[in-house]
Amino acid sequence: MKVFKFGGASLKTPERIRHVASIIQSHAENNLLVVVSAMGKTTDLLETLVAPAASAQAVNTALATLKKYHYDIIEALFQDTAGVYAAVNAIVADIEKEITLGDGDQRYDQVVSKGELMSSVIVHHYLLSQNLHSHWLDARTCIATDSSFREGKVDWAKTATNVQPLKAVLQKHIVITQGFVGRTPDGLTTTLGREGSDYSAAIFASSLDAASLTIWKDVAGVMNADPKRFPSPIVFEELPYKEAAEMTYYGANVIHPKTIKPLANKNIPLLVKNFDDPSLPGTRIHACTVENLPPLIVFKDHQCLISCKVTDYTFISEEQLGVIFHALSTLDIRINLMQNSAISFSFCIDFRESKVVKLIGMLQQNFEVYYNTGLTLITIKNYDAASFERYRQHPGVMLEQSSRSTLQVLVK
Ligand SMILES: Nc1ncnc2c1ncn2[C@@H]1O[C@H](COP(=O)(O)OP(=O)(O)O)[C@@H](O)[C@H]1O
Ligand SMILES: N[C@@H](CC(=O)OP(=O)(O)O)C(=O)O
């Protein structure tokens with residue numbers, strides 16, 4: 001069996017959904033499980049519903065936009081709309097109820113997960129209307145997680161057991177399910193982290209021992225730089241798992257960072273294919289060796305630089321580093337770059353406001369704390385002389401570090 005994943009960009013208009021259906025149809029003879037993300041920017045919209053400072057008016061406006069967007073898609077795709085409206089409206093009713101219940105990360109997950117549910121029921125009904133044998137699956141009945149809301153940690157053993165009945169279903173049906181979502185042991189919904197649908201697809205592929213996972217994107221494949229920032233990057237025909245994993249770690253958002261490991265562990269190839277032109281070869285990520293890779297350039301935005309300075313004229317010590325790392329680990333924050341001097345320790349992390357505020361509060365108990373936000377971390381892996389010089393001279397460098405193969409600069 002094979003797993004396909006279509007992201008929000010591939011599902012944002014009725015035309016694109018028709019195109020998704022045609023891709024699925026042309027592979028229908030394979031036993032196919034299809035993971036879909038929320039349509040277009042739906043997840044961002046759902047986030048505004050649960051934003052801590054959202055006014056009642058902002059919530060109402062976002063709800064109206066959410067409904068209109070999905071209803072317009074339904075009107076454009078279906079002649080017989082009764083079944084799909086019933087399914088989508090049931091989800092809308094759940095959203096309206098759940099935005100009033102509980103608070104914090106738990107409420108976030110109950111509401112923000114609904115984009116994938118809406119998207120998957122629309123795609124499912126559309127495939128049925130095209131006479132395809134579609135089976136809608138609630139991914140939460142398969143992907144078991146702990147109760148870490150917004151970053152559910154997968155219980156792999158439970159998930160492997162949960163997916164077994166799907167093998168029989170896949171013999172006769174195309175299974176349509178959601179990315180991004182899981183379920184706690186108490187039956188609450190979790191999400192796997194923003195952009196986590198690639199990871200969901202890898203979880204299904206790994207748990208079902210798929211022959212391959214194909215992620216359909218709006219690009220020709222994995223490139224040595226983001227085509228939105230560079231005019232003509234090189235498209236890789238193939239990449240070793242390790243190289244792809246490192247790119248995603250540094251922030252290449254073409255693939256979610258957790259996607260590669262479960263696939264590599266089972267030697268399942270990951271194909272990144274172009275959604276607009278499926279005849280293009282795309283990129284095959286698998287166990288291989290590629291000589292002379294060009295420099296890989298990765299930009300990671302929304303970075304925050306925090307500096308902790310000792311206040312009593314002692315030098316920064318292992319004990320003090322222990323305090324800093326303990327705070328980071330308590331809040332489950334990953335460091336993207338770090339550096340120490342005689343009296344201070346500086347590190348760069350992703351800016352997530354609620355966590356950063358808590359972290360600074362904890363660090364201020366022991367240090368003088370300085371911070372900058374809105375920074376970009378640029379990583380050049382496999383740098384050559386030209387790229388090394390160019391990025392070191394980038395305007396606004398705040399921190400710089402290089403190893404034998406990788407240069408990182410944090411810029412304003
Ligand atoms: N190295 C890279 N190679 C290809 N695309 C990249 C790379 N780095 C970043 N991207 C960006 O990733 C985008 C696709 O990912 P994303 O928008 O998350 O897709 P989806 O929503 O379909 O999952 C592309 O449009 C491209 O701008
Ligand atoms: N919809 C979720 C999950 C996801 O992975 O989406 P996409 O495949 O469009 O990046 C998000 O936007 O975070």
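Whatever order the structure lists ligands and atoms in, that order sets their numbers, starting from 1.
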>> As an exercise, identify every atom of ligand 2 less than 4.0 angstrom from a heavy atom of E116.
In response: 1 (N), 2 (C), 3 (C)

> Which part of S197 is near ligand 2, with near meaning a heavy atom under 4.0 Å away: side chain, backbone, both or neither?
Replying inline: both

> Is there at least one pair of N or O atoms, one from G8 and one from ligand 2, spaced under 3.5 Å apart?
Replying inline: yes

> Are a donor atom and an acceptor atom from the side chains of D109 and T191 found within less than 3.5 Å of each other?
Replying inline: yes

Name each N or O atom in ligand 1 that is under 3.5 Å from a protein N or O, and give the partner atom and the distance.
from     : atom 1 : to   : atom 2 : distance (Å)
ligand 1 : 1 (N)  : M223 : O      : 2.9
ligand 1 : 3 (N)  : M223 : N      : 3.0
ligand 1 : 19 (O) : K217 : NZ     : 3.3
ligand 1 : 23 (O) : K5   : NZ     : 2.9
ligand 1 : 23 (O) : K217 : NZ     : 2.7
ligand 1 : 25 (O) : D218 : OD1    : 2.8
ligand 1 : 25 (O) : D218 : OD2    : 3.3
ligand 1 : 25 (O) : K228 : NZ     : 2.8
ligand 1 : 27 (O) : D226 : OD1    : 2.7
ligand 1 : 27 (O) : K228 : NZ     : 3.1

> Quick one: do the E195 and N253 side chains pair a donor with an acceptor below 3.5 Å?
Replying inline: no

>> Can you list everything that forms a side-chain contact (heavy atoms from CB on, under 4.5 Å) with V323? Sequence neighbours excluded, please.
In response: N366, F367

> Which pairs, with at least one residue in residues 258-285 and sequence neighbours excluded, count as a salt bridge (charged side-chain N to carboxylate O under 4.0 Å, His left out)?
Replying inline: D209-K266

>> Would R16 and F6 count as a cation-pi pair here, with the cationic atom under 6.0 angstrom from the ring centre and within 45° of the axis?
In response: no

> To which protein heavy atom is atom 6 (O) of ligand 2 closest, and what is the distance rounded to 0.1 Å?
Replying inline: S37 OG, 3.5 Å

> Do T376 and D301 have side-chain atoms, one donor and one acceptor, less than 3.5 Å apart?
Replying inline: yes

>> Check for me whether G196 has a heavy atom closer than 4.0 Å to any atom of ligand 2.
In response: yes

> Can you tell me if T190 and T145 form a side-chain donor-acceptor pair at under 3.5 Å?
Replying inline: yes

> Ion pair present between K217 and D198, side-chain N to carboxylate O less than 4.0 angstrom?
Replying inline: yes

> Under 4.0 Å from any heavy atom of R194, which atoms of ligand 2 are there?
Replying inline: 11 (C), 12 (O), 13 (O)

>> Regarding atom 10 (O) of ligand 2: of the candidates E195, K217, Q178, H256, which has the closest heavy atom?
In response: E195

>> Out of all atoms in ligand 2, which are within 4.0 Å of some heavy atom of G7? Include the element for each.
In response: 8 (O), 9 (O)

>> If the condition is side-chain hydrogen bond (donor to acceptor under 3.5 Å, both in side chains), which residues does K172 pass it with, not counting sequence neighbours?
In response: none

>> Can you confirm whether the side chains of S387 and D384 place a donor and an acceptor under 3.5 Å from each other?
In response: yes

> Does ligand 2 have an atom under 4.0 Å from some heavy atom of K5?
Replying inline: yes

